[in-house]
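Since this is a predicted model, take the numbers as computed values, not measurements.
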Amino acid sequence: MSEHYDPQSIEQRWQQHWSDDGTYEVDNDDPRAPFYVLSMYPYPSGPAHMGHVRNYTMGDLLVRYRTMRGDGVLSPIGFDSFGLPAENAAIKTGTHPRINTDANVEALSASLRRIGAVYDWRREFRSHDPDYIRWTQWIFLKFYEAGLVYRGEAPVNWCPGCKTVLANEQVLPDGTCERSGDLVDRRDMEQWFYRITAYAQELLDGLDDLDWPEKVKIMQRHWIGRSEGVQFGLSIADGEGRPRTDTEPLAVYTTRPDTSFGITFAVMSPEHPRVDELTTDEQRPAIEAFRESVAGRSEIDRLSSTDSLDKRGVATGYRVVNPFNGQPMPLFLADYVLMTYGTGAIMAVPGEDQRDWDFAVAHGCDIVRTVQPPADFDGDAYTGEGPAINSGFLDGMEMVEAKAAAIDWLESRDLGQRTVNFRLRDWLLSRQRYWGCPIPIVYCDSCGEQPVPEADLPVGLPDDVEFMPTGQSPLTTHEGFLTATCPACGGSARRETDTMDTFVDSSWYFLRFADPWCDEAPFSAAAAERWLPVDQYIGGVEHAILHLMYARFFTKALSDLGVAPPGLREPFRRLFTQGMIRLGGTKMSKSKGNLVAPEGILDSQGADALRLAHLQVKPPQEDVDWEDFGIDGCSKFLNRVWRLGVPGGSLTAVVRSGERTDADDEIDRTTHRLVDRVTGEYDRWSYNTAVAGFMEFTNTLYRWVQSDEGPHADTLDAAVNALLLVMAPAAPHLCAELWERRNGGHVHTEPWPEADPGKLVDDLVTMVVQVNGKVRDRIEVPSDVEADVAEAMAIGSERIQEFLAGEVPRKVIVRPPALVNLVV
RNA sequence: GCCCGGGUGGCGGAAUUGGCAGACGCGGAGGAUUCAAAAUCCUCUGGCCGCAAGGUCGUGCGGGUUCAAGUCCCGCCCCGGGCACCA
């Protein structure tokens with residue numbers, strides 16, 4: 001075999017070995033402790049780019065590390081293979097999405113193998129596999145039976161670019177589509193929804209116990225947006241301003257009932273069902289015009305309006321009555337009040353809400369302060385805490401007390417009730433596209449909407465379709481697909497042509513991996529019990545809300561439906577979010593067209609060098625610029641390790657035998673420190689410093705090997721072997737090759753080395769001696785030096801005596817064996 | 001506006017609990033080897049003063065606590081990300 005380091009041949013050889021040997025295949029009855037490592041379900045867009053490499057390198061490191069620690073590691077892979085890009089490509093080129101997608105899956109799989117990432121490939125599947133479609137539909141039907149799926153007319157986000165509706169989460173803050181970047185507009189459409197809001201409280205509570213980045217948990221909490229308040233009615237006023245009893249009061253929701261005495265007007269959403277009823281003839285033309293101007297605009301567009309407030313609201317002519325003080329006040333319509341939150345109508349308290357203040361000024365409404373601001377307050381609305389004023393029976397109470405008192409007052413009179421509201425909305429899952437999982441529903445003229453019987457699953461996608469340039473789904477015109485039989489009456493029926501959002505596929509794939517062979521259910525409960533929750537989930541922070549929220553919802557619902565184990569309430573116990581790779585200042589992605597392909601580097605320097613560069617460049621959770629990568633340095637380092645470790649290499653040709661010396665003991669301790677250090681760093685994701693540790697250790701060995709005394713054969717042997725063991729998860733091919741040549745056998749099935757605690761500390765350490773906090777001398781001391789000895793040595797130092805200049809230290813701080821500080 | 005991160009040499013970064021700031025890598029300089037080069041190996045590499053020994057300043061800015069602050073506290077500035085009229 002060649003003497004010099006040749007990444008090409010050894011990488012190919014070992015990748016073949018891991019595959020043939022089944023090193024990383026794990027059975028469901030494996031006797032080792034189960035540990036589930038999962039990188040986020042990749043969308044197959046073609047060969048891997050650098051972002052993939054970073055993600056999958058980190059996951060692979062963990063898989064190999066945990067395996068050496070003795071765990072039976074489940075490391076599956078599959079592909080999120082439904083989605084718009086394949087369908088858009090089909091529209092352009094006429095190639096069926098399945099052909100393109102499968103080719104892309106093959107390309108991505110090959111890339112993953114080439115960077116040395118290892119998986120139990122027996123468990124691989126793709127979202128568009130008929131088997132996977134079958135179970136995705138089966139779950140839909142289970143949810144349908146349980147009332148977690150419903151169809152409803154709703155204002156939806158329509159993306160003209162994607163020719164489909166989007167879930168709220170898929171619309172960016174600036175009102176554009178997260179996928180195509182097109183401006184989203186609003187339409188009323190009949191759509192399918194998952195009732196995720198049924199789990200709002202549990203989704204919120206469950207976050208507390210998850211070992212996730214705090215940042216992600218905060219984002220989810222905010223998205224769920226729980227608020228506590230009270231819902232009550234504002235009576236409609238008659239001509240004299242007295243409450244009418246012949247019509248329902250207008251329901252409003254507030255989190256600040258303590259300020260109720262300061263209500264000076266009320267506002268309804270333009271789409272509130274009672275607008276017609278509560279508009280005077282005089283105001284009707286203005287109201288109609290206003291509603292029309294709002295109708296076509298998306299919610300986000302409305303809420304981000306920069307129009308002045310006088311243009312954003314209009315009076316209905318009606319008045320409502322504040323139940324607390326009997327005061328009548330005007331009722332408006334305004335675009336910023338949403339029908340989808342709370343009751344679709346609000347009470348306005350300009351004294352304690354800045355937006356209400358601005359609206360009151362624009363429309364000439366009264367402003368009453370009901371919370372006493374501090375003396376130095378000089379703003380408009382005061383939103384802080386303080387004693388209630390101008391508030392009748394609430395006067396003098398602090399906010400918390402006043403809230404409770406106001407709610408009690410309403411409840412005791414049967415005027416209102418305590419209410420919890422969530423910002424989270426139901427998950428709109430229908431998409432008007434072809435390349436997705438069909439929704440298993442048929443429509444019968446006589447029986448109406450009917451679920452497809454379980455035995456008839458999967459409802460597959462027809463292959464003989466033609467993609468129209470308009471982007472309209474070919475399912476809507478495919479007679480063979482459309483034609484169905486009603487399962488209830490046997491009559492003719494028409495099939496649902498919407499397919500599911502691809503986030504549905506990625507909401508349960510991690511469960512299927514536990515048991516992808518299961519034929520009676522999406523997975524067996526026993527397998528789920530064994531592997532789930534995922535011990536370590538790895539992916540991009542860009543999925544902090546969408547995917548992670550949906551997957552949590554599915555897990556909870558499946559658990560409640562008895563499909564998943566009852567105790568399985570969360571899918572991902574630990575989450576790590578790695579940073580993205582930027583090039584030229586923007587995120588590296590296919591849509592931005594600024595990808596760097598790894599092939600060139602794999603050809604020239606090899607997978608190990610590329611992996612090491614990804615690990616070394618920056619802390620894994622941080623974003624990184626491609627310009628900062630140091631592939632050459634890593635490649636150079638691997639060559640150094642090779643020359644040090646390869647048997648018969650010139651570097652280690654001269655070694656001592658016989659007696660061990662102090663130098664051997666020192667190297668031995670350094671070796672144990674390396675093992676201890678790297679173990680801790682792997683455990684806390686400090687991969688960049690772990691690589692620094694390899695390099696530092698290698699530098700130390702080089703200096704030693706080239707020193708006059710030279711290394712003792714046994715010490716050097718142990719040191720290099722330890723290096724190969726701890727580096728094996730990071731640079732698997734090189735370590736496997738050198739290990740086999742040196743020791744025979746396979747480094748990745750060796751047990752993880754353990755550091756001897758007794759060998760972590762040197763006998764002699766350098767103690768710093770400071771005078772007034774400044775380092776003035778360094779003294780070698782025994783590592784177990786006593787405080788008084790250390791102090792005596794410090795004061796005894798000649799250099800220190802010079803700095804003391806005869807003065808006696810006023811105070812002496814001794815921290816043996818690290819430091820002595822003399823204060824004069 | 002609110003909520004998270006972050007600001008350390010020419011660059012990426014390191015520094016478990018307050019205890020030698022700048023590990024490791026890149027870049028740069030010098031040397032060894034070589035006919036020469038590549039590769040490799042060694043040394044040096046925060047600023048300023050100094051021939052040197054050494055001194056002195058230095059972790060975004062301004063204060064503070066402490067024997068001791070990159071690290072803790074108070075007040076600012078800047079950068080990145082998330083949310084954004086949610087009643």
Side-chain angles (χ1 to χ4, degrees), chain A residues 4 173-174 213-219 221-223 225-227 229 231 252-256 266-267 269 299-300 302-305 309 312 334-338 340-349 353-356 358-359 421-425 541-542 544-545 579-580 582 612-613 616-619 621-625 627-634 636-637 639-640 643 650-651 680-681 684 686 688-699 702-703 706 766-778 799 809-815 818-824:
Chain A
H4 67 282
D174 61 357
E214 206 49 41
K215 179 174 140 183
V216 175
K217 294 209 263 186
I218 288 168
M219 283 163 74
R221 282 194 192 102
H222 184 93
W223 191 263
R226 182 185 201 272
S227 78
Q231 188 176 317
V252 295
Y253 169 75
T254 181
T255 56
R256 290 295 304 273
V267 188
S269 158
E299 200 163 272
I300 282 146
R302 273 166 58 180
L303 293 183
S304 57
S305 167
L309 280 165
R312 300 185 58 193
D335 62 356
Y336 62 78
V337 176
L338 311 175
T340 46
Y341 186 80
T343 61
I346 61 165
M347 65 181 219
V349 187
D353 183 292
Q354 188 60 43
R355 186 200 51 209
D356 291 349
D358 295 338
F359 193 93
N421 248 308
F422 293 93
R423 204 185 81 113
L424 183 72
R425 315 244 182 101
V541 74
E542 64 270 23
I545 295 173
M580 65 185 183
R582 290 178 303 230
L612 218 53
Q616 185 231 18
V617 62
K618 223 173 178 179
Q621 68 277 11
E622 287 176 30
D623 292 348
V624 57
D625 290 313
E627 290 84 354
D628 294 328
F629 275 70
I631 311 276
D632 291 345
C634 292
K636 198 169 115 182
F637 164 71
N639 271 288
R640 278 165 73 81
R643 287 194 298 276
S650 58
L651 193 65
E681 286 168 332
R684 60 191 164 88
S686 189
N688 54 329
T689 57
V691 175
F694 308 151
M695 292 177 166
E696 206 174 335
F697 185 70
T698 303
N699 291 343
Y702 260 69
R703 268 191 294 276
Q706 294 174 343
T766 303
M767 182 176 76
V768 168
V769 185
Q770 299 178 329
V771 177
N772 290 334
K774 287 185 176 170
V775 181
R776 295 305 185 185
D777 200 9
R778 293 160 217 268
R799 279 188 48 77
R810 207 178 71 233
K811 190 170 177 184
V812 181
I813 290 99
V814 188
R815 293 281 179 277
L819 168 141
V820 173
N821 189 8
L822 306 167
V823 185
V824 297

Distance check: side-chain N/O of [X] vs OP1/OP2 of [N], anything under 4.0 Å?
X: A/R640; N: B/C24; value: no
X: A/R582; N: B/G80; value: no
X: A/R423; N: B/A84; value: yes
X: A/R815; N: B/U17; value: no
X: A/R776; N: B/U56; value: yes
X: A/K215; N: B/G5; value: no
X: A/R643; N: B/C41; value: yes

Any base atoms under 4.0 Å from A/K774, or only sugar-phosphate, or nothing? Heavy atoms, all strands. sugar-phosphate
Counting any heavy atom closer than 4.0 Å, what does A/R810 reach on the DNA or RNA strands: base, sugar-phosphate only, or nothing? nothing
Quick check: are there more than 12 heavy atoms from other residues, nucleotides or ligands sitting under 6.0 Å from NZ of A/K215? no
Would you find a donor on one side and an acceptor on the other, under 3.5 Å apart, between the side chain of A/N772 and the backbone of A/V823? no
Can you tell me if A/D777 uses its side chain to pair, donor with acceptor, with the backbone of A/V769 under 3.5 Å? no
Hey, what are the protein-to-nucleotides 25-27 of chain B N/O distances that come in under 3.5 Å?
{"from": "B/G25", "atom 1": "OP1", "to": "A/N699", "atom 2": "ND2", "distance (Å)": "3.2"}
{"from": "B/G25", "atom 1": "O4'", "to": "A/Q616", "atom 2": "NE2", "distance (Å)": "3.2"}
{"from": "B/G25", "atom 1": "O2'", "to": "A/Q616", "atom 2": "NE2", "distance (Å)": "3.3"}

Stems formed with participation of RNA chain B [Watson-Crick or G-U wobble, under 3.5 Å, three or more pairs]: B:1-7 with B:77-83, B:10-12 with B:24-26, B:27-32 with B:40-45, B:46-49 with B:54-57, B:60-64 with B:72-76
